[in-house]
Novice: 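Before I ask anything, here is the structure I am working with.
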Amino acid sequence: EYMQVKKKDGSVWGDGSIFAVGDCNYGCIGEPPNWVMPPVPKISYPGEEEGIIACANLEKVDKIVFKGQKTDGWGNPIKLSTMHWPWGAGMFATSLGPHDACFVAGANWQKNSGIKCVWA
């Protein structure tokens with residue numbers, strides 16, 4: 001949920017400061033059919049967004065654990081950000097040769113979602 005590495009029993013591995021992004025993570029949260037976040041495609045954009053969330057969370061862990069901070073500069077409690085379905089996870093470009101391609105935008109975990117465009 002927070003991009004932290006977990007053990008098989010669901011507990012956080014280590015001290016909670018180890019995060020997994022991209023191809024090395026499970027790619028979803030929860031279990032079917034009651035997903036908290038359904039599986040995310042293993043393409044570049046979701047990995048980038050996961051990396052942003054993991055880096056922000058690592059900074060928050062550092063403030064909480066090593067600096068003893070409990071609130072941010074505005075007095076709000078410091079808490080880890082949860083992972084969400086990345087909007088870019090639904091974009092796929094596929095080459096169909098030197099002059100042709102197809103592009104899908106707006107796809108998500110629901111069957112037949114997204115819009116397909118073909119360049120020929």
Novice: Might you work through the side chain to side chain contact (heavy atoms under 4.5 Å, CB included) test for F19 and Q4, ending with a clear yes or no?
Specialist: CA-CA 4 Å; F19 296 82; Q4 294 166 305; 3.4 Å; yes

Novice: Return the minimal non-hydrogen interatomic distance between I43 and P46, and the atom names on each side.
Specialist: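 It is O-CD, 3.2 Å.
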
Novice: Any idea which heavy atoms bring G90 and F92 closest together, and the distance?
Specialist: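 In terms of heavy atoms, the two residues are closest at C-CE1, 3.8 Å.
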
Novice: When clusters are formed by joining ILVMFWY residues with side-chain heavy atoms under 4.5 Å apart, either directly or through shared neighbours, do W85 and L80 land in the same one?
Specialist: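 Linked within one cluster.
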
Novice: Of all residues at least two apart in sequence or in a different chain, which pass the side-chain hydrogen bond (donor to acceptor under 3.5 Å, both in side chains) check with T94?
Specialist: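 So T94 forms no side-chain hydrogen bond (donor to acceptor under 3.5 Å, both in side chains) with any residue.
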
Novice: Run the salt bridge (charged side-chain N to carboxylate O under 4.0 Å, His left out) test against D62 and tell me which residues pass, sequence neighbours left out.
Specialist: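 For D62 the salt bridge (charged side-chain N to carboxylate O under 4.0 Å, His left out) partners, ignoring immediate neighbours, are K67.
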
Novice: Contact between M83 and I29 at the side-chain level, heavy atoms closer than 4.5 Å - yes or no?
Specialist: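 Yes, their side chains come closer than 4.5 Å.
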
Novice: According to the side chain to side chain donor-acceptor pair (under 3.5 Å) rule, which pairs have a member within residues 108-120, sequence neighbours left out?
Specialist: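 Only N108-S113 qualify under side chain to side chain donor-acceptor pair (under 3.5 Å).
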
Novice: Examine V21 and M37 and state if one hydrophobic cluster contains both, with Ile, Leu, Val, Met, Phe, Trp and Tyr joined whenever side-chain heavy atoms are less than 4.5 Å apart.
Specialist: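 In one cluster with V21: M37, yes.
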
Novice: Tell me the closest heavy-atom pair linking C24 and A20, and the distance in Å.
Specialist: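 Taking every non-hydrogen atom into account, SG-CB, 3.8 Å.
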
Novice: Under 3.5 Å, side-chain donor or acceptor atoms of residues 52-60 against the rest of the protein: list the pairs with distances, not counting sequence neighbours.
Specialist:
{"unit_1": "N57", "atom_1": "OD1", "unit_2": "S81", "atom_2": "N", "d": "2.7"}
{"unit_1": "N57", "atom_1": "ND2", "unit_2": "Y2", "atom_2": "O", "d": "3.1"}
{"unit_1": "N57", "atom_1": "ND2", "unit_2": "S81", "atom_2": "O", "d": "2.9"}
{"unit_1": "K60", "atom_1": "NZ", "unit_2": "K79", "atom_2": "O", "d": "3.2"}
{"unit_1": "K60", "atom_1": "NZ", "unit_2": "S81", "atom_2": "OG", "d": "2.8"}

Novice: For E50 and G22, indicate whether the former's side chain and the latter's backbone hold a donor-acceptor pair under 3.5 Å.
Specialist: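 Yes; at least one donor-acceptor contact below 3.5 Å.
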
Novice: Grab the two heavy atoms, one from G16 and one from V61, that are nearest each other, plus how far apart they are.
Specialist: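 Reported closest heavy-atom pair: O-CG2, 4.0 Å.
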
Novice: Among residues two or more places apart or on two chains, list those pairs meeting side chain to side chain donor-acceptor pair (under 3.5 Å) that have a residue in residues 28-47.
Specialist: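 The answer is N25-K42, Y45-E49, Y45-W87.
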
Novice: Going hydrophobic residue to hydrophobic residue with side-chain gaps under 4.5 angstrom, can you get from V36 over to M3?
Specialist: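 Both belong to a single hydrophobic cluster.
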
Novice: Can you name the residues that form a side-chain hydrogen bond (donor to acceptor under 3.5 Å, both in side chains) with D9, not counting sequence neighbours?
Specialist: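 Scan of D9 (side-chain hydrogen bond (donor to acceptor under 3.5 Å, both in side chains), adjacent residues dropped) gives S11.
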
